[in-house]
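Order of the sequence lines fixes the chain letters, A, B, ..., with proteins taken first and strands second; residue numbering starts at 1 for each chain. Just so we're clear, the structure is a prediction, and the values are computed from it rather than from any experiment.
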Amino acid sequence: MKDQKAIIKDHFSYLFEESLLDEIALVGVHRNVGADEVLIEIGSYVKFMPLLLSGAIKIFRQEKENEQLLYFLEKGDTCAMTLNCCIGQTKSEIKAVAEMDSEMILVPIKKMEDWLSYKSWRSFVFESYNSRMLEMLEAIDSLAFNNLDQRLIKYLKDKATINKNLTIETSHREIAYEMNTSRVVISRVLKKLEKEEKIDLKRNKIILLKF
DNA sequence: TCATTAACACGGG
DNA sequence: CCCGTGTTAATGA
């Protein structure tokens, strides 16, 4: 298991102090997931919180029959919704799906509380909670203004960031599903963005230009 | 006004 | 041929 400790150290020594790294190595479970693997279903009880080492996870919220993409998780992030569920001991209100092949350490949620005595852990939790909160507020703004353009641009930016590539390989249908709207609208807005020379459109491909 | 649904044509793989 | 894409017409919120 000293392998695991080394891995954790490599990824998180910039975040956590030595003793906390030890604790994480002690109780953390290393896990690899494939792209599109479902990690958390709505209604299930969350027993672990993920600390991402590599890859990315997308978080959906379910409303009625639909699923709405809330945000992406990357290395160094943790899931604010997980924090919620843990503290309240409630069922998950979100669904988590691997955006790509990913690697993570799973930590039992009980530890979340225990570790609050670590300054670095408190900062980490508050920091990620804070950034999620801000992101959510932004999301609400654009929803309230019914501004699909903004949402789509943000979606594309996020997608490019997590893939570290300005070329996004996905279909309009896929985007429409994740943003909970129709393909016609996505096609139309993408076309508009193309005319504004912000993106380049190919079959199954979107190339970001001015970002 | 703008999203959605259905329908259609085009074209690449 | 199948699927993704671009567009339009009808309908509704």
Self-check item: Reading 5' to 3' through nucleotides 4-13 of chain B, protein heavy-atom contacts under 4.0 Å coded B for base, S for sugar-phosphate only, - for none
Solution: BBB----BB-

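Residues that satisfy the ring-ring contact (aromatic ring centres under 6.0 Å, His included) test with Phe124(A), not counting sequence neighbours, are Phe16(A), Trp121(A). For the salt bridge (Lys or Arg N to Asp or Glu O under 4.0 Å) test, no residue two or more places apart in sequence or in another chain qualifies with Glu197(A). Remark: Leu26(A) engages no residue in a side-chain contact (heavy atoms from CB on, under 4.5 Å) (not counting sequence neighbours). In this view, Asp114(A) and Lys110(A) satisfy the side chain to side chain donor-acceptor pair (under 3.5 Å) rule, not counting sequence neighbours. Asp36(A) meets the salt bridge (Lys or Arg N to Asp or Glu O under 4.0 Å) test with no other residue; sequence neighbours excluded.
Heavy-atom contacts of chain A under 4.0 Å fall on DNA chain C between two terminal nucleotides, which in 5' to 3' order are dC3(C) to dT8(C).
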Report all side-chain donor-acceptor pairs from residues 50-57 of chain A shorter than 3.5 Å, counting only partners two or more places apart or in another chain.
from, atom 1, to, atom 2, distance (Å)
Ser54(A), OG, Glu103(A), OE1, 3.4

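A salt bridge (charged side-chain N to carboxylate O under 4.0 Å, His left out) check over residues 42-58 of chain A, counting only residues at least two apart or in different chains, returns the pairs Lys58(A)-Glu99(A), Lys58(A)-Glu178(A).
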